There are 2 protein chains.
Amino acid sequence: MLFVDSDRRRRPTLDTVAAAVGVSRATVSNAYNRPDQLSSSLRERILETARSLGYAGPDPVARSLATRSSAAVGFMLPQGLSGAFSDPALSIVLDGLASTVDGHDHSLVLMPGDATGGPRPSIVARAQADVMVAYSLPDSAPALDAVAARGLPLVVIDQPVLPGSARVEVQDYLGATLAASFLLELGHTSFGVLMFSLHPDGVSGPASVERRSAVSFRVSRDRLGGYLDTLEKAGVKPDNVPVWEARGSDRELGRLGARWLLTRTPRPSALLCASDQLAFGALQAARDLGLTVPRDVSVVGFDDVPEAAYSDPPLTTVRQPLAEKGRRAGELALKLLAGGRPPRPTRLDVSLAQRDSTAPRT
Amino acid sequence: MLFVDSDRRRRPTLDTVAAAVGVSRATVSNAYNRPDQLSSSLRERILETARSLGYAGPDPVARSLATRSSAAVGFMLPQGLSGAFSDPALSIVLDGLASTVDGHDHSLVLMPGDATGGPRPSIVARAQADVMVAYSLPDSAPALDAVAARGLPLVVIDQPVLPGSARVEVQDYLGATLAASFLLELGHTSFGVLMFSLHPDGVSGPASVERRSAVSFRVSRDRLGGYLDTLEKAGVKPDNVPVWEARGSDRELGRLGARWLLTRTPRPSALLCASDQLAFGALQAARDLGLTVPRDVSVVGFDDVPEAAYSDPPLTTVRQPLAEKGRRAGELALKLLAGGRPPRPTRLDVSLAQRDSTAPRT
DNA sequence: CAGCATGACTGAAGCGCTTCAGTCCCGCCA
DNA sequence: TGGCGGGACTGAAGCGCTTCAGTCATGCTG
């Protein structure tokens, strides 16, 4: 195989092949797209000629123009790729999405976000996709306006409902409630909360009161809200609960935040973590500080990524069906593409996976 | 914003706007693409009218057809997304690529692989991209033929050279040599090797002699070769070195493999791991078995992902410039797109990052 | 043998845009 | 006042394909 683009300008087209075989262009097109429209002998002859001419099949762009469908779904992320993929939760969701979409011969256009918390509108405006999937964008992402301007159907994952969009969502608030309640039942009274981004500005640090209110990301809002509301109902004042906001969701950021939380006075006996990655970091931080989990401190994660079952100790965490989330999103996208109306939001269940990173307060 | 596709069939076009403003279609096009071609007052008027008509700018597909360029680069992966992204090394490379490409207003089309070790040829044939990047595909991936058939320029990362393609590569063999030599210098004499896939068939297990020879992935071939050749030169028979092949590159698979390696008799005093993720798993396996790293066993990784500096203990590993790799690939892709000839392969350096997971043999 | 359904193939009209050679007009200079 | 340069805008030819209404034999039915 030769990868030269020497004469990229003079590639054979349908007409070239048609002329060579001595049939009309429509027939060559049919040879590729509707085999039933011509005799199989002619079809063979056409395909054969095409091959010898170095014609690789109908040009995807021209085909898209003619059919008014690009057979691609766009995926919009809140951040750059390296940050986004540092949490396996996204990979799992995206994998679910990709396999669904791929099975229908659609491709996936990735649109990484930047500092605004989503892809640049110009990127969205020019993306060759006929349906968009937004993954956990902040409420006000300009990218969403760009999608609306183009009139493209939209599927949102982990985001507030937008008029006319399809949505798959997880009961984050409920999940957070489960985690907090469980720790309360174990007798814990002093807590620390380890969050990922509350706002799309890349800030890490203790979360001030302002930052805690009017949180930009729906997922963060629900998880943090679920934690604090539950604690408050049990008599733990939210103001007394230290919250660390990490600017992403990976181990190292989690370790950093947990170190801060675990060196507060009084030291929390339980840590609520917004993701498993952050929780893994917390496990590490505890170890760094010479603390034993769960004896000295209990840790609860969120997501139940596969690794949670194998960490040291295995992580108690809120389970959500990640792959299913991606698959559903894919199906919704395909459905919208086919002209379907957005169905009522799919709501996926959460549950608590109890493992060994939690114990009664000693 | 409303995300209804009600009248997706009757969207305004350039002509609609042109008619509304009372100018020619060419002028409207210029308003978007060549502001210098018309008076700014007219341009304003056009843009204003477009807005009020709900016209979101030139249709990307039609534009691509007219300009014969889709402004997108395709990225082909050897496996599904969840597997692929379980190793942060890929995320970092892809992030480097994406930011380069994105900076030039190109988008990224992701093509996940399947059991054949690459995307299905039909996907490649229909992808709307005008340059492809292949990431660590097996030597014989059908996807590569599909790219050649379309005559698209190709950039390969971590793969053998293909005629006419541009390439960015890392001195994997040399890196492996560095790792093995270092352990030899520390006095180690019994080794275990923890590899990721040697062949694209999803097999995990001890690597038989056949599987070790004629390895399908260039990276695996070079790293394994570098390890074994170096050991052999020092008098360690390759046949006596247990090699575990994991079917992917994540912690859990690493842990599994390392458990096997560390329970051989005699127990290796040093583990050579083909990636940091596998090495992290090995650290965990050692811990599981009550072994202390590096006292009881030394572990060396490969890649130097950011986390390697923070693991417990911090990992000795072969450093390769991951982000740079992605950036270079992006630049090459853009260059080919601009009609450049494939330059001579870029060869990125490796070095050994010595940290605390290695120690002299006791 | 007329009539007609059927299969095989074609002509031509788009799909929505870019681009380039013009056309036209205005103001300026000699 | 005539000539001319240049800015502003336009006409029309594609880009490579899909699709649909036909056309035209062919063979079958009654």
Side-chain angles (χ1 to χ4, degrees), chain A residues 7-47 49-50 53-71 125-128 130 150-152, chain B residues 7-47 49-50 53-71 125-128 130 150-152:
Chain A
D7 39 13
R8 263 175 73 209
R9 24 214 65 252
R10 271 308 148 212
R11 310 214 38 113
T13 72
L14 269 193
D15 281 313
T16 320
V17 179
V21 181
V23 296
S24 81
R25 182 201 324 182
T27 301
V28 180
S29 172
N30 284 334
Y32 284 94
N33 303 311
R34 313 181 157 194
D36 56 306
Q37 296 293 299
L38 32 51
S39 64
S40 61
S41 64
L42 176 56
R43 175 158 192 262
E44 255 328 305
R45 198 147 57 84
I46 290 178
L47 262 26
T49 311
L53 252 40
Y55 179 73
D59 178 272
V61 173
R63 172 202 289 254
S64 289
L65 181 59
T67 60
R68 302 182 232 8
S69 123
S70 56
R126 309 169 94 101
Q128 302 193 14
D130 23 43
R150 283 186 60 180
L152 291 179
Chain B
D7 40 13
R8 263 174 72 209
R9 25 214 63 254
R10 271 309 146 211
R11 309 214 39 112
T13 72
L14 268 194
D15 281 313
T16 321
V17 179
V21 181
V23 296
S24 81
R25 179 200 327 178
T27 300
V28 181
S29 173
N30 284 334
Y32 285 94
N33 303 310
R34 312 183 159 192
D36 56 307
Q37 295 293 300
L38 33 51
S39 63
S40 59
S41 64
L42 176 56
R43 175 159 191 263
E44 255 328 306
R45 198 147 57 85
I46 290 177
L47 263 25
T49 309
L53 252 41
Y55 179 73
D59 178 271
V61 174
R63 173 202 289 254
S64 288
L65 181 60
T67 60
R68 300 183 234 7
S69 124
S70 57
R126 309 168 93 102
Q128 303 194 12
D130 23 42
R150 283 186 60 179
L152 290 180

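The analysis underlying the following values was restricted to heavy atoms, covering all of them including side chains, and did not include hydrogens, waters or symmetry mates. Residue numbering restarts at 1 for every chain, and letters A, B, ... go by the order of the sequence lines. Just so it is clear, the model here is predicted, and its values are computed rather than measured.
In this structure, A/N33 and A/R63 have side chains that are in contact, with non-hydrogen atoms separated by less than 4.5 Å.
The residue B/Y55 sits close only to the backbone: its heavy atoms come under 4.0 Å of sugar-phosphate atoms, none of a base.
A distance of 9.5 Å separates CD of A/Q37 from OG1 of A/T27, quoted to the nearest 0.5 Å.
Following rounding to the nearest Å, B/I46 (CD1) and D/dA8 (P) show an atom-to-atom distance of 13 Å. What separates CG of A/L14 from C1' of C/dA12 is a distance of 15 Å, to the nearest Å. Rounding to whole angstrom units, CZ of residue A/R63 and P of C/dG16 are separated by 18 Å. Taking atom CG of B/D15 as the reference point, atom P of C/dG14 lies 12 Å away to the nearest angstrom. Spacing between atom OH of B/Y32 and atom P of C/dT18 amounts to 10 Å, rounded to whole angstrom units. A straight line from CZ of A/R150 to P of C/dG16 spans 13 Å, rounded to a whole angstrom. Taking atom CG of residue B/D59 and atom P of nucleotide C/dG14, one finds them 18 Å apart after rounding to whole Å.
The two residues A/P35 and A/R43 come nearest to each other via the heavy atoms CB-NE, 3.8 Å.
Looking at A/S70 and B/Q128, their side chains never bring a donor and an acceptor atom within 3.5 Å of each other.
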Taking only N/O atoms, report every protein-nucleotides 4-9 of chain C pair under 3.5 Å with atom names and distance.
| unit_1 | atom_1 | unit_2 | atom_2 | d |
| --- | --- | --- | --- | --- |
| C/dC9 | OP2 | A/S39 | N | 2.9 |

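A donor-acceptor pair under 3.5 Å is formed between the side chain of A/R150 and the backbone N or O of A/A127. In this structure a side-chain-to-backbone donor-acceptor pair under 3.5 Å is missing from A/R34 to A/Y32.
Considering only side-chain atoms of A/L65, the nucleotide from C/dG16, C/dA12, D/dC15 that sits closest is C/dG16. In this structure, the nucleotide among C/dG14, D/dT10, C/dT18 sitting nearest to the side chain of A/A66 is C/dG14.
Comparing B/A26 and B/A62, the nucleotide of DNA chain D nearest to each residue sits closer to the 5' end for B/A26.
No option in B/T49, B/L38, B/N30, B/I46 other than B/I46 meets the side-chain contact (heavy atoms from CB on, under 4.5 Å) test with B/V23.
Side-chain nitrogen and oxygen atoms of A/R34 include at least one within less than 4.0 Å of the OP1 or OP2 phosphate oxygen of D/dT19.
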